[in-house]
Amino acid sequence: MDDTAAEDYGRSFYAATAVAAPERPPLTIDLDVDVCVIGAGLAGLTTALEVARLGWSVAVLEAKRVAWSASGRNCGFVLPGFAADPRTVVERVGLDRARRLWTLSEAGVAYVRTLVRERELPGVQPARGWLDVSKSDGVDDMDETLALLAGEFGAAVEGWPAEQVRELLKSDAYFHALHFPNAFHIHPLNYAFGLAAAAEAAGVRIFEGTPAREIDPAGVRKRIATPSAMVRAGHVVLAGNVHMGELMPRLAATVLPITSTTAVTAPLGDRLREAIAYPGAVSDSRFANHHYRVVDGDRLLWCGEGTCFPSDPRKVAERSFGPAIAAVYPQLGPVEFTHAWNGSMAFALHRMPQIGEISPGLWVAGAFGGHGLNTTAIAGNLIARAIVENDDTWRQFEPWDLVWAGGTAGRLIQEGRMRVRNRRETIEARFAQRRDRKRQAAALPLYRHDDDAADPPPPADWAEVRAVAAAPQPGASAGTAYDEDGGPPPAVWGRRYADPSFGAVDAPEPPNALDWRRAKAIDSRSEEPAPEPMPDRPRPVEGRHGRPSGR
């Protein structure tokens, strides 16, 4: 990528390793289309692609370059779920609706996976797996999440004990983890470039350097004014992430702009391979810090430090990421960062995406922070089908209204909350490591709920337990799995499940609930009682979807 393009994309590692992408001219003549999409990030491009596939004409207006903001600067994690905790989602809308939303999130992951494979997108470099690891030795919180996801949602998730986690991540800082084998990570900028090329091949017209200055949403044909021309469209999709302030200030006021830093180390060689034997993505925090993955064979990509008030990314990398890496992997020694950059994400206060119709023919697709790669795929598909086919699946997101984010005061409060939570998490991690060292010295079991009662350790032959749990059930139909090498995983899992919105998805289900309690039950050939179903307790929702409540 040349210097001009690299400057547009923040001189990031992604920009330095991006495939060639054409510069698209600005709009200079008036245009009449069925759908106008504002914003050429992942949400806008997916919407445009799916609308065009359904036979309607589409124009995409981009103020700068395709995927120049968060879509091309994020961690590259393609994960199921949402930024909101699944238990919170259940409390808000009930178990049945929460289950359907989770299925949509898995379909979003499958959409990205399918597009990468079918289009053979260059430079995307997918790699399997996501480990959500814990720095605390308490298992109750993760057990509850595992029981909900594996038991109630039927999700593809495993529980890993500390021994198994530390076999692949050579760090005493980590304890148990949730493993999502169908998640993966990619080069997000190259994925966005491939998505734009696919959209153009389907007939979409993309105009860079063309900011939308004003929208007249009244009437059957909406008018969108740009610096040099006018666009008329039956439907307008607002997919501008946090950059909608001048165009739609009331909509922009419903999200918090959170800036995250990403950095990539210089090549670490065998040191990195000896420390990290897991090929997938890793999250070692309940909040914004920290997430990482191996890129380019022997480099470590590390991201986090979300803040409402951006700072210099190079300073964040040196002052925060360096010590964090040293604390988790001291065997790596001092690390040097060759690239560091910022990316701004949009978060709603409820931490769920904004997907829906604001007024007749005016749609919003935003607030994808935290799980942007799968939720942008969801939004693009649901809005396209709503526009062309009058599909109403998007109404699954109606309970999460457009709510004022509090302006500057809201940012200050959120910043304080993030700092307190991260500090508390750091302190809990230190105490957990101290307890772990004492247990090892006394040869006590790893898992304890308090100082008086210790749980028994996991079975000694963990590999045998996994083999028993992974055995296919009699009569089950074998699914296919995504693998970066193109082949199925070592174990064939037995159940297929489909998404109700954008087609059948062959997604393998690994053995569920493989935490040590489940493993113990399998080893003794006894069946563990099913978890109690969570009650449906929908909370009242103020306001109407798509209209700011004014709070």
Side-chain angles (χ1 to χ4, degrees), residues 12-13 74-77 130-137 160 162-177 185 259-307 310-343 418-441 446:
S12 67
F13 175 79
N74 60 79
C75 295
F77 290 18
W130 173 44
L131 268 179
D132 184 11
V133 300
S134 175
K135 290 182 176 179
S136 171
D137 52 354
W160 282 14
E163 290 83 354
Q164 189 174 5
V165 172
R166 293 175 181 181
E167 285 179 6
L168 298 178
L169 305 178
K170 309 302 173 60
S171 174
D172 292 338
Y174 295 150
F175 294 86
H176 45 283
H185 61 86
T259 299
S260 179
T261 299
T262 306
V264 175
T265 69
L268 298 173
D270 291 339
R271 288 184 294 161
L272 184 60
R273 286 184 281 269
E274 292 170 0
I276 302 176
Y278 180 66
V282 180
S283 297
D284 73 356
S285 168
R286 306 277 70 75
F287 305 109
N289 313 310
H290 291 106
H291 315 276
Y292 60 90
R293 60 193 181 98
V294 176
V295 297
D296 206 21
D298 62 350
R299 293 173 178 246
L300 189 60
L301 181 149
W302 197 278
C303 55
E305 297 296 329
T307 175
S311 55
D312 184 284
R314 179 64 62 176
K315 292 181 180 178
V316 172
E318 293 174 353
R319 297 176 183 177
S320 179
F321 290 178
I325 294 171
V328 175
Y329 297 109
Q331 64 269 45
L332 291 178
V335 297
E336 176 188 352
F337 294 99
T338 59
H339 300 80
W341 66 96
N342 286 339
M418 288 191 296
R419 293 189 181 188
V420 169
R421 290 183 304 192
N422 291 332
R423 181 60 179 168
R424 182 170 62 239
E425 189 174 89
T426 300
I427 293 173
E428 290 175 354
R430 289 175 181 172
F431 278 110
Q433 291 183 49
R434 187 178 302 174
R435 289 192 296 269
D436 188 32
R437 288 192 293 268
K438 290 181 178 179
R439 278 192 294 264
Q440 291 179 12
L446 176 63

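Below, each value reflects all heavy atoms present in this structure, side chains not excepted, and no hydrogens, waters or symmetry copies. A quick note: this is a predicted structure, and the numbers were derived from the prediction, not measured.
- Only one option out of I276, V264, V295 pairs with L300 in a side chain to side chain contact (heavy atoms under 4.5 Å, CB included); it is I276.
- D298 places no side-chain N or O within 3.5 Å of a backbone atom of L272 that could act as its donor or acceptor partner.
- Closest non-hydrogen pair, F337 versus I325, comes out as CZ-CD1, 3.9 Å.
- Atom NE2 of H291 is separated from atom CG of L131 by 13.5 Å, given to the nearest 0.5 angstrom.
- Residue R319 qualifies as open at atom CZ: its count of foreign heavy atoms under 6.0 Å is 12 or below.
- Remark: the backbone N or O of L301 is not paired with any side-chain donor or acceptor of H339 at under 3.5 angstrom.
- Checked by atom type and distance alone, the side chain of D296 never pairs as donor or acceptor with a backbone atom of R299 at under 3.5 Å.
- Here S12 contributes atom OG and N74 contributes atom CG; the two are 10.5 Å apart, rounded to the nearest 0.5 Å.
- Using a 4.0 Å cut-off between charged side-chain N and carboxylate O, R166 and D436 make a salt bridge.
- Counting all heavy atoms, side chain and backbone alike, R435 lies closest to D137 at NH2-OD1, 2.7 Å.
- The two residues S260 and G304 have their closest heavy-atom pair at OG-O, 3.2 Å.
- Taking CZ of R424 as the reference point, atom CZ of R421 lies at 8.0 Å (rounded to 0.5 Å).
- Within 6.0 Å of atom CZ in R273, more than 12 heavy atoms from other residues, nucleotides or ligands are found, so the atom counts as buried in its surroundings.
- Formation of a donor-acceptor pair under 3.5 Å by the Y278 side chain with backbone atoms of E167 is not found in this model.
- Atom-to-atom distance recorded for N342:CG and C303:SG is 12.0 Å, nearest 0.5 angstrom.
- Under a 3.5 Å cut-off, the side chain of R293 and the backbone N or O of G280 do not form any donor-acceptor pair.
- Contact annotation: the side chain of L169 approaches that of Y329 to within less than 4.5 Å [non-hydrogen atoms, C-beta and beyond].
- W341 contributes atom CH2, which lies 10.0 Å from atom OG1 of T261 (distance to the nearest 0.5 angstrom).
- Using a 4.5 Å heavy-atom cutoff, the side chains of K135 and Y174 are in contact.
- For the pair Y292 and D284, the minimum side-chain heavy-atom distance is below 4.5 Å.
- Annotation: side chain of W130 is in contact with side chain of S283 (closest heavy-atom distance under 4.5 Å).
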Should H290 and E305 be marked as a side chain to side chain donor-acceptor pair (under 3.5 Å) after you check the CA-CA gap, both sets of side-chain angles, and the distance that decides it?
-> CA-CA 7 Å; H290 291 106; E305 297 296 329; 3.0 Å; yes
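- Within the 3.5 Å criterion, the main-chain N or O of G343 finds no donor-acceptor partner in the side chain of T259.
- Counting only distance, with no hydrogens or angles, the side chain of Q331 and the backbone of K170 share a donor-acceptor pair below 3.5 Å.
- With contacts defined as side-chain heavy-atom distances shorter than 4.5 Å, the pair L268/V335 qualifies.
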Please report the C-alpha distance between F321 and V316 in whole Å, then the side-chain angles of each, then the deciding distance to 0.1 Å, and finally whether the side-chain contact (heavy atoms from CB on, under 4.5 Å) criterion is met.
-> CA-CA 7 Å; F321 290 178; V316 172; 4.1 Å; yes
